[in-house]
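Quick note: numbers below take in every heavy atom, side chains included, and nothing from hydrogens, waters or symmetry partners. Small disclaimer: the values here were computed from a predicted structure and weren't measured. In what follows, residues are counted from 1 in the order of the sequence shown.
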Amino acid sequence: PTECFLSQPEEKQESTLKAKRRKKKKISDVLQKSAPKPGVPADLQNLLTQHFGENRSVIEIEELKLSDSCFLPANDLSHSFSSYLKEICPKWAKLRRNHKEKKSVVMLVLCSSALRSLELIKSMTAFKGDCKVLKLFAKHIKIKEQMNMLEKGVFHIGVGTPGRVKALVEQDGLCLNSTKYMILDWNWRDQKLRRMMDIPEV
């Protein structure tokens, strides 16, 4: 009887562990099975009002609202990154030729991590042609290096993380006056299955 008594709680522990493991799998399964939806202007507009709603007046929030005309069609997920950029920016060659300003980029791509930034840079080769792309993330690159590069050369596309881009803008290393396009990597999920917009710091 004592042996039976000892073995029972062990079995219970095993079953509770199995149950916990199953629960974790279920959550990730739900996220993996839910088909990614193409972003719509309302997504970003709602996010802005949620974020600034508590500490801004009604008039200030009204000024932050972006009209639908500010948005280009989102990637309907049938495009590769290069083909999507070609569709939304058909006059890229002309824009690229005319861009001569230092400390600025024509196109700014924001994504949630350095690795994802590198992935997007590789996947835009068919679109970018011979234009210069600058990596704007913190991993292995000091902010002063990036500021020096922006001051010395002319770059057409900047791909990076929100944190580093914000820091560069605040330190006057990056000027957004000549930026015509801002692309948000809206649907991509990291290892924890979070989108860029699910990360509180962003």
Side-chain angles (χ1 to χ4, degrees), residues 36 38-41 43-44 47-48 66-190 195-197 199 201-202:
V40 290
D43 291 336
L44 188 63
L47 203 72
L48 286 169
L66 297 164
S67 67
D68 283 2
S69 62
C70 295
F71 293 87
L72 291 161
N75 191 344
D76 60 3
L77 311 175
S78 64
H79 281 283
S80 71
F81 191 44
S82 275
S83 69
Y84 170 66
L85 293 175
K86 279 177 187 171
E87 188 180 285
I88 62 162
C89 185
K91 293 178 181 174
W92 175 248
K94 189 182 176 185
L95 278 171
R96 189 182 74 208
R97 275 197 308 273
N98 296 342
H99 179 64
K100 302 278 187 277
E101 279 182 58
K102 289 177 180 177
K103 287 175 75 174
S104 68
V105 290
V106 182
M107 184 181 283
L108 186 61
V109 183
L110 291 179
C111 33
S112 58
S113 71
L115 286 170
R116 178 62 176 164
S117 301
L118 291 168
E119 200 178 300
L120 287 180
I121 290 167
K122 280 178 191 168
S123 65
M124 66 162 73
T125 44
F127 168 78
K128 68 177 181 171
D130 59 352
C131 75
K132 285 188 175 180
V133 181
L134 186 62
K135 299 167 188 167
L136 301 172
F137 48 78
K139 201 169 194 173
H140 311 309
I141 308 168
K142 288 176 182 168
I143 195 162
K144 282 185 181 175
E145 281 176 43
Q146 285 166 338
M147 285 169 83
N148 288 339
M149 285 167 87
L150 281 159
E151 267 178 47
K152 287 171 186 172
V154 175
F155 289 90
H156 305 91
I157 303 173
V159 185
T161 53
R164 178 47 63 94
V165 170
K166 184 184 179 216
L168 283 163
V169 171
E170 283 172 351
Q171 293 182 37
D172 202 31
L174 178 67
C175 175
L176 300 176
N177 292 344
S178 59
T179 302
K180 302 261 188 289
Y181 297 90
M182 188 168 114
I183 291 149
L184 304 175
D185 186 24
W186 193 268
N187 280 312
W188 186 79
R189 294 183 187 273
D190 63 11
R195 296 172 310 159
M196 178 165 65
M197 300 303 155
I199 300 164
E201 297 82 42
V202 173

query: More than 12 foreign heavy atoms under 6.0 Å from CG of Asp76: is that the case here?
result: yes
**Asked** Would you say Ser123's side chain and Ser82's backbone share a donor-acceptor pair under 3.5 angstrom?
**Response** no
With the side chain counted from C-beta on, respond yes when Ser117 and Lys135 share a heavy-atom pair under 4.5 Å apart, and no when they do not. no
Point to revise | Test item: Asn148 side-chain N/O and Glu145 main-chain N/O as donor-acceptor pair under 3.5 Å | key: no
- Query: Hey, is the main chain of Met107 close enough, under 3.5 Å, to the side chain of His156 for a donor-acceptor pair?
  - Reply: no
Here the pair of heavy atoms bringing Ile157 nearest to Lys128 is CD1-CB, 4.1 Å
One should read off an interatomic distance between Met182 CE and Cys70 SG, to the nearest 0.5 angstrom, of 11.0 Å
For this session: State, yes or no, whether a side-chain contact exists between Glu201 and Pro162 at a heavy-atom distance under 4.5 Å.
Result: no
query = Does atom NZ of Lys100 have more than 12 heavy-atom neighbours from other groups under 6.0 Å away?
reply = yes
Worksheet entry | Whether Gln146 side chain and Ala138 backbone form a donor-acceptor pair below 3.5 Å | no
Minimal heavy-atom distance between Gly39 and Trp186, with the atoms involved, is CA-CD1, 4.2 Å
When Val109, Leu110, Val105 are each screened for side-chain contact (heavy atoms from CB on, under 4.5 Å) with Val165, the one that passes is Leu110
Heavy atoms of Leu47 and Met197 approach each other most closely as CD2-SD, 3.3 Å
Hits for side chain to side chain donor-acceptor pair (under 3.5 Å) against Asp185, two or more places apart or cross-chain, chain-then-number order -> Arg116
With the side chain counted from C-beta on, respond yes when Leu136 and Leu108 share a heavy-atom pair under 4.5 Å apart, and no when they do not. yes
Answer yes or no: is there a side-chain heavy-atom contact under 4.5 Å between Val106 and Arg96? no
CD1 of Ile121 to CZ of Phe81, rounded to nearest 0.5 Å, is 9.5 Å
Closest heavy-atom pair, Leu150 versus Gly173, reported as atoms and distance to 0.1 Å, is CD1-O, 3.3 Å
Less than 4.5 Å apart, side chain to side chain, heavy atoms only: is that true for Lys102 and Glu151? no
Fill in: Test item: Leu120 and Cys111 side chains (from C-beta on) under 4.5 Å apart, heavy atoms
yes
Next on the checklist: Using side-chain heavy atoms (C-beta onward) and a distance below 4.5 Å, is Ser112 in contact with Val202?
Outcome noted: no
Exercise for the section: Begin with the C-alpha distance, continue with both residues' side-chain angles, and end with the deciding distance and a verdict on side chain to side chain contact (heavy atoms under 4.5 Å, CB included) for Met124 and Val159. Expected result: CA-CA 11 Å; Met124 66 162 73; Val159 185; 3.8 Å; yes
CD1 (Ile141) and CE (Met149) are apart, to the nearest 0.5 Å, by 7.5 Å
Correct closest heavy-atom pair for Ala167 and Ile143 would be CB-CD1, 3.6 Å
Practice item. Tell me, with the steps shown, if Ser104 and His99 meet side chain to side chain contact (heavy atoms under 4.5 Å, CB included). Key: CA-CA 9 Å; Ser104 68; His99 179 64; 3.2 Å; yes
Beyond-backbone contact of Asn75 with Glu87, side-chain heavy atoms, under 4.5 angstrom:
no
Checking Tyr181, Phe127, Trp92 against Leu85 for side-chain contact (heavy atoms from CB on, under 4.5 Å), the one that qualifies is Phe127
